[in-house]
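Notes follow the structure.
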Amino acid sequence: MTEQLNLSGISHGYGDRQLLDGIGLVITAGEHVAIVGENGAGKSTLLRILAGLEAPDEGTAVSHGRVGYLAQTHGLPESFTVGAAVDASLSSLRALEAELDRLEAGLADAEDDELETYGRLQTEYQLREGYAAESRVEAALDRLGLGGLDRKRTLGSLSGGEQERVALACVLADPADILLLDEPTNHLDARGTAWLEDRLAAHRGTVVVVSHDRVLLRKVASTVIEVDAERRTVTRYGNGYDGYLREKAAERQRWVQQYHEWIVAMEAEQRQADTVTDKMGYARQRDNDKVGFDFKAGTWQKAATSKVRNAQERLRRLEASPIDRPPVPLRLAAELAVEPEAPSGASVATTASGDSHLTASAVLVARGVAVPGRLGVTDFAAGTGEKILITGPNGAGKSTLLSVLAGTLEPVGGRVQRPARVGYLQQELELPQRPTLRLLPAFAAGLGGNIDEHAEALLRLGLFRTSEFHVPVGSLSAGQQRRLALARLLLGGYGTLIVDEPTNHLAPVLVEQLEEALAGFTGTLVMVSHDRALRDWFAKCAKKSDTSRTDESGRWIRYSMDKGVLAPA
């Protein structure tokens, strides 16, 4: 098969932080590849190098064919209009169209070479389906929840999620031979994600995608490339995402076994050498036959010395070929069993389902809240220990409702009762105000107490290693920024958690562990998510709760939201 992307001897890093070390990678034409790895391992960096947007410190990167690239943040000026962004994405296609028009005007008197050029360009235009470019843009915007969007609107007037969806529509308007997509589902609802999966699966060219979406990884990727943060290498796995998980588990088991055998062999040779040395000179007692004793002792001494020397040589060989200790995988180890606290105030609240129950058992209550153009008049109540999932299409008002509940957005009407302390994880994290601040002090900011205690708590949580504590927060990847915010939330001791798209930017293994932590949380949880695997997990927890629940606490409830209106799912 023809290779389309080739990396040779690539080494790259930022400052004293090395991400990739001497890697080689070949991706063939038409291959559909997922790039996975821990947050901050270098996945986005690898994608930028493949796209030719970042030059590596060492090595060469070669691509053959047109490249379409989607970054986690689009990077277009906010002054750009939607129409200008679309025009920029179609510029090469329109240049091709203009050249065809020019050649077509002179076909009657064209030379053979001009006719050949015209035929070649016309074939390219047809293969790129240039005649359908505008309709593809409109279809993409519609499927991504932006149907009817005014092309004259500036990107700065759109939400962050809307901007990213416009950028995705632009990349897919004129699909390149090579699509490089970094977390393309972060701002998509279920409809948009399903449409994107179908588009990528049907793409005849090469697809390389960085994603945390476990369903998309299973449907789209035939090959998985893992970026290893510890070794600073990349490893290819076949047989799709499930095959990757199986091979990875078997690989780690072999590694652990080999390391254990190496340790056992080292200890055995060391004991052999120490035991023989201790016995030298003490193995037999001296008798009256001094000459015989000296002869026998000398013979034994030579034999013992030879044994020690042989054991030390075997030990030296083992030390010269060490088996590295398998790195401890990051594992979220949050203990979220806390006592929830109820707000004081009114006696009765009306839930979205139309039921009424006493606020003595309600922790979070909103009555008649509204935000013009974003949230209709809404009543909401979350009881003690309840777990609530809100789903719905993009633009339905879900994040607006969570912001109102958390107190970061004031409604124009109604009122909200909430506990004195509420943990809130926003969908869009704000940029660090002090980008040079190191990770550990940033985590501890405003928490009081001893920095060593915070370091121990953060390490015990399992989201970061000690080696990452000194990294400036401005140098953290989007996934690491998300993990930092999540760490502050999980270790805050909150009885009420409000979380908006908690799985965005998180590695799949951490998502599964976050689900485990939330399942064991005894407080009140209100959550918005488009993650289909997380929604399946929530449904299973709800079913289990329904069969084992003996009172009204601990219920798992799902609501849907559309056009600013909340209703039971």
Nearest-0.5 Å distance, CG of residue L534 to CG of residue L389:
7.0 Å
Side-chain touch L458/F469, heavy atoms, less than 4.5 angstrom
yes
For the pair E501 and K398, find out whether any cationic side-chain nitrogen is under 4.0 Å from an anionic carboxylate oxygen.
no
For the residue pair D531 and T503, confirm or rule out a side-chain donor-acceptor distance under 3.5 Å.
yes
Check this for me: does any side-chain nitrogen of one of E197 and R218 sit under 4.0 Å from a carboxylate oxygen of the other?
no
Roughly how far apart are L47 CG and L180 CG, rounded to 0.5 Å?
5.0 Å
Please indicate whether E410 has more than 12 foreign heavy atoms, meaning atoms of other residues, nucleotides or ligands, lying under 6.0 Å from its CD.
no
Could you walk me through whether R214 and E515 pass the salt bridge (Lys or Arg N to Asp or Glu O under 4.0 Å) check?
CA-CA 14 Å; R214 292 160 285 177; E515 290 171 348; 3.1 Å; yes
Are side-chain N/O atoms of D57 and S11 paired as donor and acceptor at under 3.5 Å?
no
On a heavy-atom basis, which atom in P184 and which in L168 lie closest, and how many Å separate them?
O-CD2, 3.9 Å
Between L93 and G130, which heavy-atom pair has the shortest distance, and what is it?
CD2-CA, 3.8 Å
If only side-chain N and O atoms count, and only distance matters, is there a donor-acceptor pair under 3.5 Å linking T28 with E31?
yes
Any donor-acceptor pair under 3.5 Å from R199 side chain to A140 backbone:
no
Do the non-hydrogen side-chain atoms of Y424 and L497 ever get within less than 4.5 Å of each other?
no
Flag for S477-N39: side-chain donor and acceptor within less than 3.5 Å
no
Are R204 and D177 within salt-bridge range, i.e. N to O under 4.0 Å?
no
Answer yes or no: is there an ion pair linking E99 with R102, defined by an N-O contact shorter than 4.0 Å?
yes
Between T206 and Q4, is there a side-chain donor-acceptor contact under 3.5 Å, judged purely by atom types and distance?
yes
Closest approach of W556 and L518, non-hydrogen atoms and distance?
CH2-O, 4.5 Å
Please determine, by modelled atom types, if E226 and T235 share a side-chain donor-acceptor pair under 3.5 angstrom.
no
Under 4.0 Å between a Lys/Arg side-chain N and an Asp/Glu carboxylate O for D174 and R66?
yes
May I ask you to decide whether R231 forms a salt bridge with D21, counting only side-chain N to carboxylate O separations under 4.0 Å?
no
Close side-chain approach of V224 and V33, heavy atoms under 4.5 Å:
no
Output the distance between atom OG (S91) and atom CG (L96), rounded to the nearest 0.5 Å.
11.5 Å
Side-chain heavy-atom pair Y14, L19 within 4.5 angstrom cut-off:
yes
Minimum heavy-atom separation for G145 and R165, please, with both atom names.
O-NH1, 3.8 Å
From I49 atom CD1 to L20 atom CG, the distance as rounded to the nearest 0.5 Å
5.5 Å
With the side chain counted from C-beta on, respond yes when R532 and T193 share a heavy-atom pair under 4.5 Å apart, and no when they do not.
yes
Should the ring pair H32 and H203 be called parallel, tilted or perpendicular, given that the plane angle runs from 0 to 90° and is split at 30 and 60?
parallel
Applying side-chain contact (heavy atoms from CB on, under 4.5 Å) to S529 and F538, what does each step give before you reach the verdict?
CA-CA 10 Å; S529 180; F538 190 94; over 6 Å; no
Does a side chain donor of either R48 or T45 reach within less than 3.5 Å of an acceptor in the other side chain?
yes
Distance (rounded to the nearest 0.5 Å) between L144 CG and N394 CG
8.5 Å
Criterion side-chain contact (heavy atoms from CB on, under 4.5 Å) on S8 and T60, from CA distance to verdict
CA-CA 5 Å; S8 178; T60 58; 3.7 Å; yes
Going by an N to O cut-off under 4.0 Å, is there a salt bridge joining E251 and R246?
no
Distance alone, cut at 3.5 Å: any donor-acceptor contact between the side chains of T391 and Y559?
no
Is the closest side-chain heavy-atom distance between F464 and L484 below 4.5 Å?
yes
Please check if the side chain of R136 supplies one atom and the backbone of E129 the other of a donor-acceptor pair under 3.5 Å.
yes
Residues E124 and R128 bridged, charged N to O under 4.0 Å:
yes
Trace of the side-chain contact (heavy atoms from CB on, under 4.5 Å) decision for V209 with L179
CA-CA 8 Å; V209 59; L179 290 178; over 6 Å; no
Give a yes or no on whether a salt bridge exists between R483 and E38, defined as a side-chain N under 4.0 angstrom from a carboxylate O.
no
Is there side-chain contact between V371 and V404, with heavy atoms separated by less than 4.5 Å?
yes
Do S475 side-chain atoms and V473 backbone N/O form a donor-acceptor pair below 3.5 Å?
no
Between N186 and the options E164, H530, H505, the side chain to side chain donor-acceptor pair (under 3.5 Å) test singles out H505
So, K387 side chain and F521 main chain: donor-acceptor pair closer than 3.5 Å or not?
yes
Centre-to-centre under 6.0 Å for Y125 and Y131, is that the case here?
yes
Yes or no on side-chain contact (heavy atoms from CB on, under 4.5 Å) for D500 and L425, after CA distance, side-chain angles and deciding distance?
CA-CA 6 Å; D500 197 350; L425 180 68; over 6 Å; no
Within 6.0 angstrom of Q18 CD, more than 12 heavy atoms from elsewhere:
yes
Which atom pair, heavy atoms only, marks the closest approach of F443 to L491?
CZ-CD1, 3.5 Å
Between R94 and E97, does any NZ, NE, NH1 or NH2 come within less than 4.0 Å of an OD or OE carboxylate oxygen?
no
Atom of L141, atom of A169 and distance for their closest heavy-atom approach
CD2-CB, 3.7 Å
With a 4.5 Å heavy-atom cut-off, do V26 and L5 have their side chains touching?
no
If I take atom NE2 from residue H212 and atom CG from residue L216, how far apart are they, to the nearest 0.5 angstrom?
9.5 Å
For G83, is there any backbone N or O sitting under 3.5 Å from a side-chain donor or acceptor partner on R151?
no
Using a distance-only test with no angle check, is there a side-chain donor-acceptor pair under 3.5 angstrom linking Q427 and S399?
yes
Whether E247 side chain and Y244 backbone form a donor-acceptor pair below 3.5 Å
no
Is it true that a side-chain atom of E58 and a backbone atom of I10 form a donor plus acceptor pair closer than 3.5 Å?
no
